[in-house]
Structure formats: C-alpha cells, structure tokens
Amino acid sequence: MAYEAVIGLECHIQLRTRSKMFCDCPVEFGAAPNSNVCPVCLGLPGALPKTNRAAIDAALRLGLALGCAVRAESVFARKNYFYPDMPKNYQITQYDRPLCVGGALPLSLDGVTREIALTRIHAEEDTGKSFHPERHGDRRVSRVDFNRAGVPLLELVTEPVLREPAECAAFLTALRRLVRWLDISDGDMEKGQLRCDANVSIRPAGSSGFGVKTELKNLNSIKGVEKGLTAEIARQAGVLAAGGRIEQATLLYDADHDRLAVMRSKEYAHDYRYFPDPDLPALEVDEAWRESARAALPELPWARAARVAERYGVPAYDAAVLCDQRDLADYYEECAAGADGKLASNWLMTEMLRVLKERGWPLAEWRGRVPAGRLRAFLAKVAAKELPGPLAKQVFAWMVDEPGAVEELLARHGVRAQGSADELRPLVRQVIEENPGPVTQYLGGRTATLGFLVGQVMKKSGGQAVPQAVKELLEAELAGRAISGS
Amino acid sequence: MSGHHTSAPELWKRSARALAAAVAAGECDALAAVNAGWEGPAAAWERDVHAVVHADPGARAAGAAASAPGPLRGVPVVVKDNLCTTEYPTTCCSRILAGYHPPYDATVVERLRAAGAVVTAKGNMDEFAMGSSTEYSCYGPTRNPYDLARVPGGSSGGPAAAVAYGLAPLALGSDTGGSVRQPAAFCGVFGLKPTYGRLSRYGLVAFGSSLDQVGIFARHAGDVATAYAALAGPDPRDATTRTTPAPDVSGWDLGVAGLSFGWPANLWKEGVEAEVVAAMEEAAAALERAGARRVTFDFLPGEYSVATYYLVATAEASSNLARFDGVRYGFRHADGADVRALYTRTRSAGFGPEVQRRILLGTYALSAGYYDAYYLTAQRARTRIRREYAAAFARCDLMLMPAAPTLAFRLGEKVDDPLAMYLSDIFTIGANLAGIPGFTVPLGLAGDGGRTGAGLPRGIQLLGPEDAEPALLRAGRVIEMGGERARLPRAHESEFAWPTRR
C-alpha cells in the first residue's frame, strides 16, 4: 500500500535581543560559563520576571510578517517539569492564549508556491545547557551553564499540512531566511538558534484520517530534518507493512548514524501542569503597539522577489537568489538602479557570490570594497561595450582587492581597452592580409571563420581590443572586399 | 489613656517615629537605637519567645554606621526570614534553604535602608509561610510573649512577637492568607496587609504569588503609616506592582468623621470567641465616638473562601517551590545516585510535613484531568469572592471583622489537625483572594472577667477596598486612641500594653 506522511513542525527561534526574556542579562554567545546570569535567570528565591518588550516586538514582527492574528491580551503560563538546566523547574511560556495565532508561510518548491498554514507563534524563555557526564574517579559529574537560561525564544507551530521531508526542509530554509530578513535571529541551526521538532504520522495515500503520530527531536540541521523524517516515515511504513501498530512516542534522531532511538513512550508522557504565571500580568498588545510593529516591517522577501523580477526584468530564479538575504537585495537594487538589471544580476550571481563563497566573506565585507556606486560605474562600462569580456573579468577581480575607478585600475596595470576604429583598423587590415585562406572561406559563406579572425586581432592587440568593436570592423572591412572582389 | 510621660521612655519602648526623631536630633546615636532591644530588659525575653532566627551584632553595628538620614533613621527592624537580605541568611525557616545567603536585597529591604532603618534580625516563621502558628519552623516554634504556652500566630509569628515584646518597634512580615494580620492580633500589635501590588514582592520568597503581600508590624498606627510611605510604590522588578503612585497616608491622624464602617450582623454564628466579639464592640464604639457611622448588614467572608484559598495557594506553591531541588543552592541530600534520586531525597528530607502536604495538594489541583475541577473552579470562585467584597464596599467605606475567631491558642493545639488550622484563617484569607488591604488593630488585653484567655492580647481587623490604606490607618489611629473626639497631636502616643513576665 502507498502511504503519505502528515507532518507538523514545531520550530524554536532564539531571538537576538540585547537582553534576556525576563531580566536584564545580556544575550551573548561564547561568554564564560555562568557569567551572564542574575537572580532572575538563575531562579533564585524571591526573584521575579519582567517581560522584555524587545522580544515581544520581535514576536510581533514575525507574526505580522506571516499574517498571524495578534492577541490583544495573551498570557504567560508556567510549564512545570524538573530538569537541572531549568533553574525554576518550570519554564515561562505561553499555552492556551498565545501571542499570535493562524497565519501562513509562503513556500516555493519546484516552481509551485504553497501557503503552509501556521497554528501559532508564542514567546518563551530558553533553558540552560547541560554537559553530561564527566568522570571524576568513580563519580560522574554533570555541569550546567545558565548563560542561555532565559534567552528569548519564539515557538512557531505549523498545522499538520506538510507532506514531504523535502518540503519540511524548504519550510525551514524559508523560515530561516525570514527570521534573518526581519533581523530577529541569526537562525543558525548548528548553533541552536533555530531548532525543529517534527510530529509525523502516515496514512494510506489519498485518505483524510490521521494515523498515530510520533515526535522527532534532535533534528539539528535542515539536512537532519529531511533525513530524520525520511527515516521515520520509512520506519512507520515498515511497521504497518509488517502488520504492526505505530506506538505514540518521542524519538531522538542520530544524524551521524542515521538512526532513531525512542526517548520516551506514551506512558511516560509529562503532565506539565500548565497554569497562568501569577508573576506576570496578561501581556497587553494594543493597536498602537501592533501597528507600530507592522509599520516597522521591511518589504517581505517573497514580495520583494516578485517586485525585483518585475522591475528589473530578471527571471524569477534570479530574483529569488537575490532576495535570499535582505542586504543582498538592497545591494542588488542599488547596483541595478539606472543600470541593466539583468547585467547586474549576472555579475552579482556569478562573479560576486563566487568570490564571497571562496573567501568566506559576509556581504558587508564586499560592500566595503565594492560599494554599489563603484559597481554601477563598472557595469556602465560593460554595458557600453567599453570593456571586452576577458578584460571585464580581470577588472572585476582587481576591484575586489584594489581601490580606484575602472580607468585607474587599467592604468595601474598598464592595460587600455582599444575600441576605436582608428586604433583597430591597422590591426584588422594586417590580419586580413596575413590570412587569405580564412578570408576566402568567410567570403565564400563560412561566416564562422570570423571568430578565428577576431581572435587573431585580439592576439595582436595583446588582449586589449574590445571584441565587439573588432568584430564590427572586420565585418565592415570584409564586406568592402566582397563587393570589390565580385 | 496614659501616654503623657514625665520622662522620655527607655529607647526600646519607643515608637519607630520617636526613635528616628531621637537619632535625628542627636539625642542618641544610631547604634544605641539599633541595639536598644538587644541590651535592655527586652533582650531577656528572646530566650523564651524565640522570635528571631538569624541575628549578628556585627551586622547591626555595620547597619547602624551606614544608617542614612530618613524617616526611619536608626530604627531597628525585624524582617521575616522569607525576605532576602544580604547580611543575614534567608532560609524561610526551612531545612532546604539551610545556610542560604541571598546575593541581593528584597526591594522592601532596600527601601527600608534608604529610609534609614537597620535590619537587626530575621524573624521566625512557619516554613515557607505555610502555617498559622509558627510551629512549623525548622528552628523550633516562637512563643507568645503574653503567654509562653501559647502560639504567637503565624506564619509571621517571629516578627509579630519581636515587636510585641520590644526587640524592635517595626517588623516586616508577609501575608498570603492572614500571616501578618492573625499574628498581629495574637500578639496585640498593629499589622497591615496592603493592597496587592502596593509593596514589591521582589525578594520575597514566593508562596502563593497572586496572594502574597509584604506586611508591616508596629506598636503604633503612626509607625505603620511611616513605614508604608517608605515602602509602597511601583517597582520595575515586580510586574505585579501597581504602576500608579501609592496612596498618600500622611493624614493617618485625621480621624474618621464621616466615614462609614460595615458591621457584619451574622458573624456570631461562625464560632467567634466572646473576647473577640467584645473587642469588635469596643472598636465599633471607638469609631462611632470619633464620628464614624456603623452600617449593619449580613456579610460572610465567602463561604467558599477557605476551599478556594487552599486550591489557589497550594497550586501556586507547588510550582514556586519546585526550584528547591538541591542543584544550585541550599540543602542537598548526600545520597543522590542520579538526578531523580537527588531531587527526591533532597526534597523529602528538606521540606517539612506541612510544606510537603501543600505541594502535593497543589500538584494534584493542577494535574491533567483535575485542573478544571479544582484550579479553574477556584479561579471562578475567586472572581465571585472579589465581587462579594466589592458589593460590601458599595455599602460602607471599611468593614470591621475579627482577625481570627479566637485569641491565641495553645502550642500543639492544632498542629496535628490541618483542617482546624486552616479554618483559623477564615476571616483573613478573603482579603488576599480579593487583593484588598486589611489592618489588624490591637485592643489591649483580655480582662480577668472569668473568661478564658485573660491577659491575652485582643485585636480586630479592618478591611477596605483597594488602596483604602489611608482610611484604614485613620481608623486604626482612632481605635488606638480609644476614639477620643479631639484630635491629638501626632507625637501623642498611647501606652502600649506590654507583656509582663510570668
């Protein structure tokens, strides 16, 4: 029997606010263990939380970008369970009255755009980090670092509308792009800034019921999400094919060995005893707050890609690549302003992105070296056919590492583009004289021979001739001969 | 009413305001003021009463040296052991916090210091404020200074007793269900539980967060007003504090002319002791003499309030006390083979029986399948209780109520009967559920008229709507002065009904 999977994702996004969710401690990576802590995030007796409005602002940005409804009054709740890296032995989160409900993330996959419906987005605090266990003689020692305890998190939950592991990977890629675009998180899964758990069940293809679901945890990369889900769907299909039943359970995915292990089965499911946190009054987001967050939203990536494609006449694929990052899109638009949009897109997508990749640079580094104005001037010369192809590439490479306008770079390297008929005519005539065979072939209708002749002129110019100009001049000269010779 | 002293009383007998004035005037130095209760006749009481669990002469001296100019300059204050102080341990009188030294001061402690006061000791209490007699302390019980065979009330029994016998003129406690007002009545001192959100809870080790409020003990109404003015107001570190400025209580001596007070006509069915009824009548008479109007109507402080209270308070407590696990601070059981065993053994050995009972109750009330029946129902009942109080305050400015149905009971009398202990809170828990202020006012000692409890302190309770502290203090001052018609100078203080040793 053919099965289809029903998948819902639960994503955690670590916010890049200056301070933690409920105290003033800085949010900072790589600090010495237990250095960014205070009575509040250590859960010391008597300490009380206070809500970081910047984190709520970030939640509003994401929620509004995804078309969620924002609750005017949402409630922080306590999720009670014991774990040594959770200082209070409860987590402050939102439960039955989350900040954002509904909404959808538009997803383009294989040229088809789907809206992935969301259930909710809410704000909560992160836990600390445990390090297990070290052996000290015959004792095992676990260590806990509370720097991460209280760092703001958003939890985003999708409806069970995803069907394919690849689609889930695409969803996470799009979500990562969005949180970076909105400047609320670095979204790096390897660093735990974006985390994903998946609920998955399978059912006979085409049916509308739901099978028994399992929860997958420890999906530490986008690739891991895809591989883990693929493994679990195969496992479930295998169980059903063998006449077995799926047991509700939480599984851990081990990406290194592509293996699934049961973390806990249903009978050990936690009772979290959620109840409204009496230390925090209901979170009120009035219209003014909500609308100021909405007004602060940048143009969203999917809208921008559509506009860029339309306005600069580039293919949808190019527009999607250019709008993968907000600063890239900004840079592209600055470069393309008043220029040939497709030409700009070609240079950015092939040459610039290659250099960034090779050198591991962020775009900011590039922009420092090649501001948009500089690239625009370069593109203008290319568009005016003043820089022959190979020379243009050479000039582009010089621009990355050297200052100066195009003319200065050419002069510094003793190179000059030869494009005028007066400069080129002697070379062209010389080549025609020296190659009677190819000339006769060309005149006899084998026009492909022109390329050979252009090459000969280029060689004589030491590579400085503008090929288009050479080609035009050759054609004119040879046309004269054809007429005079006939 | 005496009070016209021929010579200034000994320092330890003075009110906080009088002491601060003496220090400000250079009549005595701050160290003498701070140490008065530790050196004078009062000091001998502590051996029997056991009001204090942490004290340190060095910390007192340092505090006196650092005492800032302010309305409480040089005034010694006993602070309940669930308020964080940097110079003393803060243990909530629980083994599980043995030796715990907080790295920060509670906001109210900071504000005490800013007003010039000096914390001279940590007061005994029922473990984690769970109790009504101060018998559930890991350090042993506090005794009532008026009768050592009796309890001082609880859970803030230590601070109440310390003020009563003269260790300090001022003390802070906490009141989750009456833990300031009931011991104030049992010890014959003033005890204010302010409106919820008026005194910061930051640094008060939480019991029932939506009910907890820091409260003030003193021997004089004017001292309560002075302390309230120094402590009340918004705190950015406590999101449940009210953001508006606290009401102005500087008119605490302006009398009650034109004020109305409710008289619960049906209360006598509730098993209230005759001495308490007599105190209620005296208080009502004093208020009437001073020009207040009595409004008589039936009022029961919520038939369901005890059940509601014990669901809300225990549910919150079960979560609030989860952090005491032996991982980061306090007591850790030596035998923790793995983390589960560490939790179980630490908590089983670290918490006393009453605390364990309440954690289990609260955990049950929040559990899947029971949440709706217990926690949610209790929340609905709480809303109804709020409405009942609001309806009462539509008919009068203040309500006169007993603080407890009895005078101080005997040690051991209720310690094995949790339900009887819980029912002793019946008149106080409504204010916590409704978030309104309550004020216990002492009415001297029970007379020798053949009734039980002769020589024991009597107190009544005044309740008001939110932010009614100014009216409560005025009424308290009127009762303190026996309802004298003429307004007396603020410096005029009644003679406190000191305990005598027997």
Side-chain angles (χ1 to χ4, degrees), chain A residues 22-24 34 37-53 75-92 95-96 128 130 132-133 138-144 146 149 269-284, chain B residues 82-84 90-92 97 100 102-107 128 197 200-206 208-212 235-241 312 315-316 318-330 338-340 342-343 347 362-371 375-376 379:
Chain A
F22 297 112
C23 65
D24 297 327
N34 297 310
V37 293
C38 73
V40 177
C41 58
L42 283 178
L44 294 189
L48 295 172
K50 56 171 186 200
T51 307
N52 178 352
R53 284 178 66 96
V75 172
F76 283 107
R78 293 185 183 178
K79 180 181 183 179
N80 295 285
Y81 63 101
F82 279 77
Y83 204 79
D85 63 19
M86 200 162 56
K88 302 182 292 295
N89 284 323
Y90 62 80
Q91 179 194 27
I92 306 177
Y95 182 54
D96 54 356
S130 298
H132 306 288
D138 56 351
R139 296 198 316 144
R140 286 176 306 137
V141 174
S142 292
R143 295 181 186 281
V144 194
F146 291 109
H270 284 299
D271 176 0
Y272 291 118
R273 292 175 283 118
Y274 286 99
F275 73 106
D277 190 334
D279 289 333
L280 292 164
L283 173 64
E284 288 177 22
Chain B
N82 59 354
L83 283 161
C84 289
T90 297
T91 70
C92 299
L97 275 173
Y100 174 68
Y104 72 101
D105 279 327
T107 296
F128 284 103
S200 169
R201 293 186 299 115
Y202 191 81
L204 167 67
V205 182
S209 312
S210 71
L211 305 158
D212 294 343
D235 178 8
R237 289 179 296 186
D238 175 0
T240 63
T241 51
V312 173
E316 293 179 1
S318 71
S319 174
N320 283 331
L321 270 61
R323 69 189 63 192
F324 303 107
D325 58 8
V327 172
R328 293 168 309 281
Y329 45 76
D338 57 40
V339 72
R340 293 287 133 189
L342 175 77
Y343 288 158
R347 290 168 65 80
T363 303
Y364 187 75
L366 288 174
S367 293
Y370 301 98
Y371 181 87
Y375 182 78
L376 220 53
Q379 292 300 335

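This one's a predicted model, so the numbers in the text were calculated from it and none came from an experiment. Each chain gets a letter, A, B and so on, in the order the sequences are listed, and its residues count up from 1. Just the heavy atoms: all of them, side chains too, but no hydrogens, waters or symmetry mates, feed the values below.
Here B/T363 is the residue among B/V327, B/L211, B/T363 with the most heavy-atom pairs under 4.5 Å with chain A. In terms of non-hydrogen atom pairs under 4.5 Å with chain A, the most contact-rich of B/Y202, B/Y371, B/Y370 is B/Y202. For chain B, the option among A/P87, A/P39, A/P49 with the highest count of heavy-atom pairs below 4.5 Å is A/P87.
For chain A, no part of B/D212 is nearby; none of its heavy atoms comes within less than 4.5 Å. At a 4.5 Å heavy-atom cutoff, A/Y272 makes no contact with chain B through either its backbone or its side chain. Only the backbone of B/A315 comes within contact range of chain A, with at least one heavy atom under 4.5 Å from a heavy atom of that chain. When heavy atoms are compared at a cutoff of 4.5 Å, B/A368 approaches chain A by way of both its backbone and its side chain.
Under a 3.5 Å cut-off, the side chain of B/Y104 and the backbone N or O of A/A47 do form a donor-acceptor pair. Not one N or O on the side chain of A/D271 forms a donor-acceptor pair closer than 3.5 Å with the backbone of B/S367.
Heavy-atom minimum distance, B/R328 versus A/M86: NH1-O, 4.2 Å.
Contact of the A/P45 side chain with the B/L97 side chain is registered, since non-hydrogen atoms from C-beta on lie closer than 4.5 Å. B/P102 has its side chain out of reach of A/L44: every pair of non-hydrogen atoms, C-beta onward, lies at least 4.5 Å apart.
Between the side chains of A/Y90 and B/R323, at least one donor N or O sits under 3.5 Å from an acceptor N or O.
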message = side-chain contact (heavy atoms from CB on, under 4.5 Å), that's the test. Do B/F324 and A/N89 meet it? Break it down for me.
response = CA-CA 9 Å; B/F324 303 107; A/N89 284 323; over 6 Å; no
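With sequence neighbours excluded, no residue forms a side chain to side chain contact (heavy atoms under 4.5 Å, CB included) with A/D96.
Between A/F275 and B/Y375, the distance separating the two ring centers is shorter than 6.0 angstrom.
Salt bridge status for B/R201 with A/D279: present, with a side-chain N to carboxylate O gap under 4.0 Å.
The only option from A/R273, A/R78, A/K88 that meets the side chain to side chain donor-acceptor pair (under 3.5 Å) definition with B/S319 turns out to be A/R78.
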